[in-house]
Number of protein chains: 2
Amino acid sequence: MNQIFRNTALRVSCDQCPLRVLPHFREFSQPELDFVSSFKTAELVAEPGTVLLAEGMHNAHLYTILSGWAFRYKTLPDGRRQVLNYMLPGDLIGLQGTVMGELDHSVEALTPLILCIFQRDRLNELFVNYPSLAFDVTWLASHEERMLDDHLLSVGRRSALERAAYLIAFLYKRALAVGLVSDGRARLPITQNLVADTLGLSIVHTNKTLRRLVTLGLIRWQGRACEVLDIEALVDVAGWEQAPEKKRPFI
Amino acid sequence: MNQIFRNTALRVSCDQCPLRVLPHFREFSQPELDFVSSFKTAELVAEPGTVLLAEGMHNAHLYTILSGWAFRYKTLPDGRRQVLNYMLPGDLIGLQGTVMGELDHSVEALTPLILCIFQRDRLNELFVNYPSLAFDVTWLASHEERMLDDHLLSVGRRSALERAAYLIAFLYKRALAVGLVSDGRARLPITQNLVADTLGLSIVHTNKTLRRLVTLGLIRWQGRACEVLDIEALVDVAGWEQAPEKKRPFI
DNA sequence: CGGCGGCTTGAGAAAGATCAAACGCTGTGG
DNA sequence: CCACAGCGTTTGATCTTTCTCAAGCCGCCG
């Protein structure tokens, strides 16, 4: 359990990266692809529950998720936990630690995970020689900031029901973008405990709130996962005005 | 009221930027300085209450605060408002809009403001020719992300009293870093309405909570401002474990 | 002088937390 | 194969925090 398996050999070449063909991601030039291929040193497989990065680490790695779900969180000294965001395929993990020297949040695998490991100390080279990729890194940081803005608005100003609807709609949209939704049905691999720590609510109240969404026919809950039944209605309950997502970069 | 005055001429040359001498900011090389000087097109003066950037804008400007305070916020369709963060001298405004094409939050002046205006469309040039500055931009985005992480933890998991203490301690530390604290006393230019919208509380409850901090002798409230009396105690009440701030960049 | 924005206070209502207990599934060990 | 432990989910009862409503105060500015 909670083990990390490291592969020195590249299993998936960046040229044939399965993410690259998704319409959600921008296209790369060959020189960019070549650099990213050399930037990637290995792949890593992690089990659910593995803590990939821990608060306070100084030499955190830099990863991109190739497949699976993870989440980012912080805790107070007495153990209260706040989930900050979820990471899906194409998301960069550990940028804060790489750019600012120290990490102040933790990252845990939610499902089995495959990660691309990058050479943290060559980020400088990326900035010097591949300005377009450097811009992408900044884009990704801005994108994370935007998601946090939304979460903060949600936790600060939405009611429990609205918050729950927003979170599930948000995760659905993200899953959709990376092709994890088949025939309109997505299975979001979250527990109610995690939802509670994301929404800033207690587990009990989270359960009662989710139950209301179930009764309304918007979601279904089964086996540590949430199935979305009516995304439109969820967005509506949340009062969420989303900007349409354009093509995004990833490294 | 709420007017913007634009000066075509540079009043303060970047070489003699008053922020540059603060120990809080990293030193720049001459070529960097020269570029930033050319990147800056003008200065702008704004009155308190001026909305510098509004949600949904497509051609948002890119600014750095030279002096004064501003805040960033989002609103729900029915008007509920959440303050996301505060911006002080040295902070970049409008990066999200510049990098991602569209802005999804608003920015308002809290005090009289002096801003440096940058040529948004030359950001590309910055990335191509000044990788060290590009890295700084990414650093700033990561820094914003880190502050948001903290705010989210606060709003999601701290009690009203802890939240209030955290916010005031946070603002004090930020003011301190840019030299706005004289003999241990800082005057934070916030209203209780704004505090409420930052903490995700009602005005009434915010008032009662702040009153408790006043009674405890940690702060004083007078004339649309908060005076910090005991920063250590505030940090303690908040249960805030802060990483020591290192030197930071700015553009 | 009057209006307005910001602060303050009390009282009752509502949302959400805590406590307590139980159910069902899964994996493990006898 | 069954007993059991552990985790995730569910539900009811009660307690606490926070919200809403209502009103009054103060200082500033037109």
Side-chain angles (χ1 to χ4, degrees), chain A residues 1-2 47-49 71 76 78-83 108 110-111 154-165 167-168 187-216 219-227 237, chain B residues 1-2 47-49 71 76 78-83 108-111 154-165 167-168 187-215 219-227 237:
Chain A
M1 222 70 55
N2 292 10
E47 290 303 305
F71 65 96
L76 287 172
D78 67 1
R80 280 173 285 177
R81 181 177 71 164
Q82 176 66 40
V83 173
E108 186 177 319
L110 194 50
T111 67
S154 199
V155 173
R157 286 304 182 205
R158 275 193 249 250
S159 71
L161 190 71
E162 293 168 334
R163 257 183 254 186
L167 174 64
I168 294 170
R187 196 185 153 282
L188 309 176
I190 48 180
T191 67
Q192 297 194 1
N193 203 323
L194 207 61
V195 172
D197 283 349
T198 309
L199 303 183
L201 299 170
S202 69
I203 297 188
V204 172
H205 197 64
T206 297
N207 177 269
K208 286 169 182 167
T209 304
L210 290 173
R211 221 92 274 300
R212 284 173 65 195
L213 289 177
V214 170
T215 306
L216 290 169
I219 60 169
R220 199 152 58 183
W221 206 276
Q222 47 189 5
R224 303 177 185 219
C226 173
E227 189 179 335
V237 168
Chain B
M1 221 73 56
N2 294 12
E47 290 304 305
F71 65 96
L76 287 172
D78 67 1
R80 280 173 286 177
R81 180 177 72 164
Q82 175 67 40
V83 173
E108 186 177 319
L110 194 50
T111 67
S154 199
V155 173
R157 285 304 182 204
R158 275 192 249 251
S159 71
L161 190 71
E162 293 168 334
R163 256 183 254 186
L167 174 64
I168 295 170
R187 196 184 152 283
L188 310 176
I190 48 179
T191 66
Q192 296 194 1
N193 202 324
L194 207 60
V195 172
D197 284 348
T198 310
L199 303 183
L201 300 171
S202 70
I203 297 188
V204 173
H205 197 63
T206 298
N207 177 270
K208 286 170 182 166
T209 304
L210 290 173
R211 221 93 274 300
R212 284 172 66 193
L213 289 178
V214 170
T215 305
I219 61 169
R220 200 152 59 182
W221 206 274
Q222 46 189 4
R224 304 175 183 221
C226 172
E227 190 178 334
V237 167

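For the numbers below, each heavy atom of this structure counts, side chains included, while hydrogens, waters and symmetry mates do not. The chains referred to below are lettered A, B, ... by the order of the sequence lines, with proteins before strands, and numbering in each begins at 1.
- Listed here is the closest heavy atom pair of B:R157 and A:R80: O-NH1, 2.9 Å.
- The CZ-P distance, from B:R163 to D:dC19, rounds to 8 Å in whole Å.
- Set against D:dT10, C:dG16, D:dG8, the side chain of A:A160 has C:dG16 as its closest nucleotide.
- Nearest to the side-chain atoms of A:I203 among the listed nucleotides D:dT10, D:dC19, D:dT11 stands D:dT10.
- If you find the closest nucleotide of DNA chain D to B:T209 and to B:V204, the one lying nearer the 5' end belongs to B:T209.
- Using a 4.0 Å heavy-atom cutoff across all strands shown, B:S202 reaches at least one base atom of the nucleic acid.
- Closest to the side chain of B:H205, out of D:dT18, C:dT9, D:dG12, is D:dT18.
- Rounding to whole angstrom units, CH2 of residue A:W221 and P of D:dT10 are separated by 8 Å.
- Going from atom CG of A:D197 over to atom P of C:dA17 covers 11 Å, rounded to whole Å.
- Heavy atoms of A:L201 sit under 4.0 angstrom from primed sugar atoms or phosphate atoms, though from no base atom.
- Taking atom CG of residue A:L194 and atom P of nucleotide D:dG8, one finds them 10 Å apart after rounding to whole Å.
- In this structure, B:R224 does not reach the C:dG5 phosphate: none of its side-chain N or O atoms is under 4.0 Å from OP1 or OP2.
- Atom NZ in B:K208 sits about 6 Å away from atom C1' in C:dT9, given to the nearest Å.
- Rounded to an integer number of Å, the gap from CZ of B:R157 to P of C:dG16 is 13 Å.
- When all heavy atoms of A:V195 and A:W221 are compared, the pair lying nearest together is CG2-CH2, 4.0 Å.
- Contact annotation: B:Q222 side-chain N/O to C:dG6 OP1/OP2 distance is not under 4.0 Å.
- A:T215 has its side chain out of reach of A:R212: every pair of non-hydrogen atoms, C-beta onward, lies at least 4.5 Å apart.
- Remark: side-chain polar atoms of A:R81 are not paired, donor with acceptor, to backbone N or O of A:L76 under 3.5 angstrom.
- A:L210 and A:A164 get closest at one heavy-atom pair: CD2-CB, 4.3 Å.
- In this structure, the CZ atom of B:R211 is 20 Å from the C1' atom of D:dT17, given to the nearest Å.
- Residue A:N207 places at least one side-chain N or O under 4.0 Å from the OP1 or OP2 atom of D:dT10.
- Atoms CG (A:L199) and P (C:dA17) sit 10 Å apart, rounded to a whole Å.
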